[in-house]
Student: 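Could you have a look at this structure, given as structure tokens, before my questions?
Per chain, numbering begins at 1; letters A, B, ... match sequence-line order. Because only heavy atoms are used, hydrogens play no part in the values below, and waters and symmetry mates are left out as well, while side chains stay in.
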Amino acid sequence: MTCEKIQENISLYLDGILDEEERKKLEQHINECDQCALEFTHMLDIMDMLHSIPQKDVPHKFHKELIKKIDQVNNSSSDNKKNKILRSLKPIAAVFLLLLFIGTSAILILTPMGRMSKSIRNDSAPQEMIESKAENTVTSESYDREVTFDTEESKLSESSRSFSEIGSLQGQKIIKTASLSLEVEEFDSVIQDIRQLVESNGGYVASAETYIYSSNYEKKEYLKEGHMKIRIPSEKYGTAQQQLIEMGHLKHQSENSENITEQYIDTQSRIRMLKVQEERLLAIMEQATKVEDLIKLEQRLNEVRTDLEVFQGRIQNWDQLVTFSTIEIQIRQIKKASLQTVSPNFTVKMKDGFIDSINHAQSSIERFLIKIARHFIQIIFGILLALIGIWTIRVIYKKIKMKGE
Amino acid sequence: MSHSIESILIKKAKQGNQMAFEKLILQHEKRVYNIAYRMFYNESDALDMTQEVFLRVFQKINQFEDNAAFSTWLYRITVNTCIDEIRKRTGKETYSMDEPRETEEGNMIRQYSVTEKGPEELYLEKERMEALHEAIQLLPEEYKTVIILRDLQNFSYQEIADILSCSLGTVKSRIARGRMQLKNILLQQKRELFNKTTV
């Protein structure tokens, strides 16, 4: 075996991957050849140096910046996807609308108006009855099935919950707080309602306080005022707030949301760092023999652990604040008479608005139908044009598709 | 990290779960950074490269096939990204295997000897390490890669073969030749540093 080959094998020998035969040859050769022995010491020395090169720590900021960057890339790509979907949906939507328009106008023209509205009225009522009957039979007939439905539903809600959790973990750590001030007539029942609402939404009452602010001994009238702080799961924050507002007459409302994502990620990475430090210290402690060293290490370990606890506590607190939104409610009881003078509250307004909109829609539909009847001939002509339009769009679409392929 | 957790994280990451992706890459961050650092011997380049690697991994995670090891795949991307960048910078030049590249080495060493006033051995040691770092930089990229993976990152021969998608024999010969060339560079250019201690 040549010296050159031997020298090449030295490094494999040092890694312990030479086979038995070659290893023996090499050992023998080095015992005999001074030049190769020198090469061997050189190689040993260099590998020793290579192995002593320390690993560099990744700068603290790096991880945060990387996550930000990934966020950007992720968002821009999903935006593109959305846009693409939207773009592809546009022509479909246009065709759909056209078809809908043509279909309804055709039906309206072909059926005399009076008869049609009547038939709709006649049809709708029994249909509803049939539907409700069908529901009843399903529920009464197969209990097992209902149970499976239930579990499926709970699975669904579970998955949706975990999804929202991930959502809040991904980009947004938001602490939401709101404060409401309500005037109510029946103080005690409203308090009861609020407690029920909180319970049904899976939240809890953090604090509550009630006192009498005005009393009239002669009439035996006591007016109460109360203050409540409730915590509601953040996904139900909006609906719960709406329900609360409907319980009385809203005097004041304010909302506040604080985004703590950055601090959160920061703290998380600090915890990671501290944990690594803790492990390292423990490893060193195991090897330490001097009492002095041990005491110093113990001190340092204590410091690290206290920091760790502080940060972990902070994370826990944040998690709590993020998953449970806070709503503070100020409730004030007022005399019955005074409530009547107050303008109608939200629900009443909603109802009125709803009725108005239905009336409005009805009259405009009527006007629309009359107009259609007047322009009968023109509409038929329009339909023909539209059909030609659809046909041409189809032809063009096919051509584009052919080209694409 | 056990395989089952890793595969769950990969699955989640493929579905676009960023948290899972973060968990997945966290343990590899330091190693990727260190490979990049040794490839460029420059902190800011190494950081840029590391970021680029993870962005690539994030974008390509859907192309990752479950039967392969994630770490192998990740380090393959690392090596390829670094080599791509090195080639981009040096143009289409190729280097002969026997001749070391010409660079302006030596500046750092002089700086040290001016500023540092430590004991003799200490800065001799420092100079030797500095010489070693520079010698690594002088290696052609295919030797540099295997030396970094084997001697600085402690990958096994088989792992390196997987990462570079080449045969075990190729890895063996590249490591052996790479080390020999490294030794030659050090002995030729820095003889005075090594004569004192090793020869």
Student: Working note: A:Asp15 + B:Lys172, criterion salt bridge (Lys or Arg N to Asp or Glu O under 4.0 Å); need CA distance, chi angles, decisive distance, verdict.
Tutor: CA-CA 10 Å; A:Asp15 274 337; B:Lys172 279 185 191 171; over 6 Å; no
Student: Taking NZ in B:Lys14 as the centre, count heavy atoms belonging to other residues, nucleotides or ligands within less than 6.0 Å. Is the count above 12?
Tutor: yes
Student: I need the residue from B:Arg31, B:Gln153, B:Gln59 with the largest number of non-hydrogen atom pairs under 4.5 Å to chain A.
Tutor: B:Gln153
Student: With rounding to the nearest 0.5 Å, note down the distance linking CD1 in B:Ile147 to CG in A:Leu50.
Tutor: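 Rounded to the nearest 0.5 Å, the CD1-CG separation comes to 6.5 Å.
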Student: What's the spacing between B:Leu55 CG and A:Leu66 CG if we round to 0.5 Å?
Tutor: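 Answer for the CG-CG pair, B:Leu55 versus A:Leu66, is 6.0 Å.
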Student: What's the shortest heavy-atom distance between B:Arg38 and A:Pro54, and which atoms?
Tutor: NH2-O, 3.9 Å
Student: Under a 3.5 Å distance rule, please check whether A:Gln55 uses its side chain to pair with a backbone N or O of B:Leu152 as donor and acceptor.
Tutor: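 Side chain of A:Gln55 to backbone of B:Leu152, a donor-acceptor pair under 3.5 Å: yes, one is there.
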Student: Just do the side chain to side chain contact (heavy atoms under 4.5 Å, CB included) check on B:His133 and A:Ile53 with the steps written out, would you?
Tutor: CA-CA 9 Å; B:His133 291 324; A:Ile53 292 176; 3.6 Å; yes
Student: How long is the straight-line distance from CG of B:Leu26 back to OG of A:Ser269, given to the nearest 0.5 Å?
Tutor: 9.5 Å
Student: Do the side chains of B:Glu22 and A:Arg272 get close enough for a salt bridge, i.e. N-O under 4.0 angstrom?
Tutor: yes
Student: Got a sec: does the CD of A:Glu286 have more than 12 other heavy atoms crowding it under 6.0 Å?
Tutor: no
Student: Answer whether the closest heavy-atom distance between the side chains of B:Asn34 and A:Val58 falls below 4.5 Å.
Tutor: no
Student: Drop me the distance from A:Ile46's CD1 to B:Arg179's CZ, to the nearest 0.5 angstrom.
Tutor: 10.5 Å
Student: Near A:Glu21 CD, under 6.0 Å, is it more than 12 heavy atoms from other residues, nucleotides or ligands?
Tutor: no
Student: Within this structure, what is the CD1-CZ distance for the pair A:Ile67 and B:Phe21, rounded to the nearest 0.5 Å?
Tutor: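 CZ of B:Phe21 is found 7.5 Å from CD1 of A:Ile67.
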Student: Heavy-atom distance under 4.5 Å between the side chains of A:Lys56 and B:Glu43, does that happen here?
Tutor: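 Yes; the side chains approach each other to less than 4.5 Å.
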Student: Looking at B:Ile136, B:Leu182, B:Leu47, which makes the most heavy-atom pairs under 4.5 Å with chain A?
Tutor: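 So the answer, after comparing B:Ile136, B:Leu182, B:Leu47, is B:Leu47.
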Student: Can you measure from CD1 (A:Ile70) to CZ (B:Phe54) and round to the nearest 0.5 angstrom?
Tutor: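 Rounded to the nearest 0.5 Å, the CD1-CZ separation comes to 8.0 Å.
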Student: A:Asp57 and B:Tyr33: which non-hydrogen atoms are nearest, and at how many Å?
Tutor: O-CE2, 3.4 Å
Student: Could you walk me through whether B:Arg177 and A:Ser11 pass the side chain to side chain contact (heavy atoms under 4.5 Å, CB included) test, one step at a time?
Tutor: CA-CA 9 Å; B:Arg177 295 207 181 130; A:Ser11 98; over 6 Å; no
Student: Got more than 12 heavy atoms from elsewhere within 6.0 Å of CD, A:Glu262?
Tutor: no
Student: Who wins among A:Met43, A:His63, A:Gln7 for the most heavy-atom pairs under 4.5 Å with chain B?
Tutor: A:His63
